[in-house]
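Only one structure is covered here, and it is reproduced in the block below.
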Number of protein chains: 2
Amino acid sequence: MKQLEFHKERLRTFGLRPTKQRLDICRILFDRKNTFHFTIEKLKKIIEKNNKKKISLATLYNTIHVLKKKGYLKEISLKGNKTFFDTNTKKHHHFYDEGMSQLIDIDDKNISLNYLPKIPNGKKIKSIEVLVKIEKTN
Amino acid sequence: MKQLEFHKERLRTFGLRPTKQRLDICRILFDRKNTFHFTIEKLKKIIEKNNKKKISLATLYNTIHVLKKKGYLKEISLKGNKTFFDTNTKKHHHFYDEGMSQLIDIDDKNISLNYLPKIPNGKKIKSIEVLVKIEKTN
DNA sequence: TACGTAATTTATAATTATTCTAAAATAGAG
DNA sequence: CTCTATTTTAGAATAATTATAAATTACGTA
Ligand SMILES: [Mn+2]
Ligand SMILES: [Mn+2]
Ligand SMILES: [Zn+2]
Ligand SMILES: [Zn+2]
């Protein structure tokens, strides 16, 4: 479990105390091989099931927002009421199955797009996101 | 003003009475040359300024949802709390200036993307949306 | 280790977007 | 013009998120 020390150190690095709650959140988010796409509500359920103890919504919102601001999480552009977050902070894209509310990463190098349109004056590109919506065949 | 007759006819076509409120909405949305990107709140302000009289939020939500269901409006995939709608129902993409909450259309033929990734099994593509986020230079 | 204090968590209230409800107003057929 | 189904409306209900402020906790210092 040297992951834990890593999370502690990372939290301390930007002036945050490594509390039990923050470490619980970091473990769920980052101790995994693949990208994790989640909503706050989903994260809450997972954490509470894991350690059989409630965690406050406010703590979840606070911590997720800090991690996002520090660049360890991305928010995903989707329509709908609840916000989705993404542990993959690299430039990438998504398949999205609206029916199942499921997101799948598409590596940036698997997408090539050649756009001609002139960027509005005085503006520059900040990011490009491709969303491929999918649905059941037939 | 033969536009008005057109809106009336279109509303009647799918069994909706062409009420004063619905026609006000249609005029704002469709009697213009360019795409209109809007939120419900923005539409409400415009209509109320135009005819110096309040219109109910419920009526706006109801009518916008009907128009969307019938294919005369699209909802745009954006993060953030409020929902954006689009009078351009053709396949197209967007520049988005987050700071100004402003959307600009990009014609589909100005985007070419060649994606390799295999579509998940039993799924087919429903739509592809490209969002190019822009920001002030410098 | 114990203390003191600032940071954090928490329950709960407030806010905001959206949907629901049911009473009042209206459209339009006859 | 009358009647009735449809629509509008104000306000209530719901849902996601943010704010508040009291209780708890982390941790530097003695
Ligand atoms: Mn949205
Ligand atoms: Mn969203
Ligand atoms: Zn992702
Ligand atoms: Zn558009």
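Sequence lines set the chain letters: A, B, ... in the order given, protein chains first and strands last, and positions in each chain run from 1. The model shown is predicted, which means the values in this text are computed figures rather than measured ones.
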Between A/R22 and A/L11, is there a donor-acceptor pair closer than 3.5 Å when you use the side chain of the first and the backbone of the second? no

Would one find a side-chain N or O of B/T59 under 4.0 angstrom from OP1 or OP2 of D/dT9? yes

A/E75 and A/K68 ion-paired at < 4.0 Å: yes

What are the residues of residues 11-26 of chain B, sorted by number, that bring a heavy atom to within less than 4.0 Å of DNA chain C? B/R12, B/R17, B/P18

Round to a whole Å and report the spacing from NZ of A/K54 to P of C/dT12. 13 Å

Taking A/K79 for the side chain and B/F84 for the main chain, is one N or O donor matched with an acceptor at less than 3.5 Å? no

Rounded to the Å, how far apart are A/K53 NZ and C/dA11 C1'? 13 Å

Is there a side chain to side chain donor-acceptor pair (under 3.5 Å) between B/H92 and B/D86 once you walk through the steps? CA-CA 11 Å; B/H92 72 289; B/D86 192 337; 3.0 Å; yes

My understanding is that only residues two or more places apart in sequence, or in another chain, count here; which of them pass side chain to side chain contact (heavy atoms under 4.5 Å, CB included) with A/T87? A/L29, A/F30, A/T35, A/F36, A/F38, A/L73

Could you tell me how far apart B/K68 (NZ) and C/dT19 (C1') are, to the nearest whole angstrom? 14 Å

Whole-Å gap separating P (C/dA17) and CG (B/L43): 15 Å

So, using salt bridge (charged side-chain N to carboxylate O under 4.0 Å, His left out) as the criterion, who are the partners of A/D97 when residues are at least two apart? B/K123

Looking at A/K44 and A/E48, is there a salt bridge between them, counting it only when a charged N and a carboxylate O are closer than 4.0 Å? yes

Applying ring pair (Phe, Tyr, Trp, His ring centres under 6.0 Å) as the test, list every pair that has at least one member in residues 6-28 of chain A; sequence neighbours left out. A/F14-A/Y72

Interatomic distance, B/N51 CG vs D/dT8 C1' [rounded to whole Å]: 14 Å

Qualifying salt bridge (Lys or Arg N to Asp or Glu O under 4.0 Å) pairs with a residue from residues 128-138 of chain B, counting only residues at least two apart or across chains: A/K124-B/E135, A/E129-B/K133, A/K133-B/E129

Starting at CZ of B/F84 and ending at C1' of C/dT18, how long is that distance when rounded to a whole Å? 15 Å

d(CD1, A/I55; P, C/dT9) in whole Å: 8 Å

Return the polar atom pairs (N/O with N/O) between nucleotides 12-19 of chain D and the protein under 3.5 Å, or none.
| residue | atom | partner | partner atom | Å |
| --- | --- | --- | --- | --- |
| D/dA16 | OP1 | A/K82 | NZ | 3.1 |
| D/dT17 | OP1 | A/T83 | N | 3.0 |
| D/dT17 | OP1 | A/T83 | OG1 | 2.8 |
| D/dT17 | OP2 | A/Y61 | OH | 2.5 |
| D/dT17 | O5' | A/Y61 | OH | 3.2 |

